[in-house]
Amino acid sequence: MHSVSIKDLSVSFGSVNVLKDLNIEVADGEFLVLLGPSGCGKSTLLNCIAGLLDISEGQIFIKGKNVTWEEPKDRGIGMVFQSYALYPQMTVEKNLSFGLRVAGLPKAQIQQRIANAADILQLEPLLQRKPAALSGGQRQRVAIGRALVRDVDVFLFDEPLSNLDAKLRSELRVEIKRLHHKLANTMIYVTHDQIEALTLADRIAVMKGGLIQQLDEPLTIYNKPRNLFVASFIGSPAMNFLRGKITGANQDKAFTAADLTVSLATYDAQEPLTNERDVIFGFRPEHITINDKPGPAGLSCEATVDLDEPMGADSLVWLTVAGKPISVRVDSSRRYLPGEKVHLNFNPAMASLFDATTENRV
Ligand SMILES: Nc1ncnc2c1ncn2[C@@H]1O[C@H](COP(=O)(O)OP(=O)(O)O)[C@@H](O)[C@H]1O
Ligand SMILES: [Mg+2]
């Protein structure tokens with residue numbers, strides 16, 4: 001049985017169609033991340049699952065039950081928002097217990113659930129403090145705790161870390177992952193941050209303009225992006241793109257742009273590579289190497305270094321290839337000087353080709 005099923009879901013605000021005929025099946029215990037730029041409909045989709053929004057068309061099932069018209073409180077979900085909205089006059093303990101007290105749960109049971117959540121989220125030392133005396137990360141842990149004490153089947157997170165600074169964000173990211181390992185319940189997590197998506201998700205749904213562009217495991221999305229949008233949205237530093245044509249026959253099939261020719265013999269094409277087709281050749285900065293000597297014919301070219309950008313363990317080296325700037329990720333122990341002549345080695349097996357018109361993977 002699927003934990004959450006979304007069938008043919010459409011949502012409009014007035015005449016604007018914000019979600020378009022979405023279908024998603026979330027497995028029991030799965031961590032699904034909804035990833036996309038601001039305004040693509042992530043929160044709208046999450047709010048539909050939570051029951052906070054009326055839908056125009058379609059149905060939503062949670063644990064096999066049609067909840068399309070159920071109240072939020074009857075759906076077995078817990079939600080954590082970007083703004084933690086804790087009650088400022090209440091202690092952490094009272095913040096955690098508020099919903100349970102309203103629901104009339106017996107006192108002993110409330111205490112049991114708070115002790116459990118406090119243990120999992122390391123909140124014990126903070127229980128008697130008020131929100132003003134907590135750091136941003138601690139407040140967000142309390143907000144997660146409020147969802148946790150409700151003992152729900154499905155957790156919904158809407159950009160829970162985006163108000164925190166970079167260091168706290170990466171710490172809490174690890175805590176959320178640990179929480180998922182411990183609880184093993186279904187989590188649907190919205191973010192515009194591709195690193196959060198890649199590190200947390202069992203599967204990522206990449207969204208744009210109310211449509212799902214690709215729904216796959218993180219490594220599939222990273223290595224085999226289905227279209228140019230997914231390829232450019234995922235990955236930091238970003239994938240390199242060169243515009244050109246398919247040339248040659250059979251084993252000599254190649255990508256050609258200006259003075260550059262790269263053999264496509266090892267490229268895993270999804271359809272026949274017809275000659276003269278306009279394509280975009282995409283390759284990640286770590287899938288190309290810099291060498292002092294030329295590599296095998298058809299996989300190597302000469303290039304001149306423009307800039308060397310050290311990033312700690314790695315450096316990003318910028319060079320000009322086929323008249324366009326591209327970046328290569330290298331070990332930072334070797335520095336490159338502007339104007340230095342080097343040789344690049346391509347790895348077409350790890351590259352992506354997109355049709356220049358449809359922008360779909362070929
Ligand atoms: N209540 C609303 N009325 C009208 N338009 C809305 C409303 N809520 C969201 N939208 C629009 O719907 C689109 C998707 O919004 P949202 O789901 O919040 O995006 P995201 O969470 O991906 O940033 C945006 O263009 C937004 O302006
Ligand atoms: Mg949003």
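For this chain, numbers begin at 1 and follow the sequence in order. As the structure lists them, so they are numbered: ligands from 1, and atoms in each ligand from 1.
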Of Thr274, Thr247, Asn275, the one forming a side-chain hydrogen bond (donor to acceptor under 3.5 Å, both in side chains) with Lys253 is Asn275
Atom 7 (C) of ligand 1: closest protein heavy atom, distance to 0.1 Å, is Phe13 CE1, 3.4 Å
min-distance protein heavy atom vs atom 18 (O) of ligand 1 -> Ser43 CB, 3.7 Å
Looking at Val16, Leu35, Leu53, Val18, the heavy atom closest to atom 12 (O) of ligand 1 belongs to Val18
Notebook entry, point to check: Do we see a donor-acceptor contact under 3.5 Å between the side chains of Asn17 and Ser12?
Noted result: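 Judged by distance alone, the side chains do pair up.
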Q | Pairing of Glu340 and Arg334 as salt bridge, 4.0 angstrom limit | A |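 Yes, charged N to carboxylate O under 4.0 Å.
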Electrostatic pair Arg361:Asp355 at N-O distance under 4.0 angstrom
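Looking at Asp355 together with Arg361, the answer is no, because their closest N to O distance does not fall below 4.0 Å.
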Should we say atom CD of Gln270 is surrounded by more than 12 heavy atoms from elsewhere, each under 6.0 Å from it?
yes
Does at least one non-hydrogen atom of Gly41 fall below 4.0 angstrom from an atom of ligand 1?
yes
So the atoms of ligand 1 within less than 4.0 Å of a heavy atom of Thr44 turn out to be 14 (C), 15 (O), 16 (P), 17 (O)
Counting from 1 in the order shown, the ligand 1 atoms closer than 4.0 Å to a non-hydrogen atom of Ser38 are 23 (O)
- prompt: Has Thr44 got an N/O/S atom less than 2.8 Å from the Mg ion (ligand 2)?
  reply: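 Within the cut-off used here (under 2.8 Å), Thr44 places no N, O or S atom near the Mg ion (ligand 2).
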Q. Hey, does Gly39 come in under 3.5 Å of ligand 1, counting only N/O atoms on both sides?
A.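 Yes - when backbone and side-chain N and O of Gly39 are compared with those of ligand 1, one distance drops under 3.5 Å.
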query: Short N/O distance, under 3.5 Å, between Cys40 and ligand 1?
result: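 Yes, at least one N or O pair falls under 3.5 Å.
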Under 4.0 Å from atom 9 (C) of ligand 1, can you find at least one protein heavy atom?
yes
| Exercise check, heavy-atom protein proximity under 4.0 Å to atom 27 (O) of ligand 1 | no
Taking the cut-offs as 6.0 angstrom to the six-membered ring centre and 45 degrees off its axis, would you call Arg150 and Phe155 a cation-pi pair? no
field: Between Phe281 and Phe241, ring centroids under 6.0 Å
entry: no
Nearest heavy atoms of Thr199 and Lys177, plus distance in Å:
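Heavy atoms only, the tightest pair is O-NZ, 2.5 Å.
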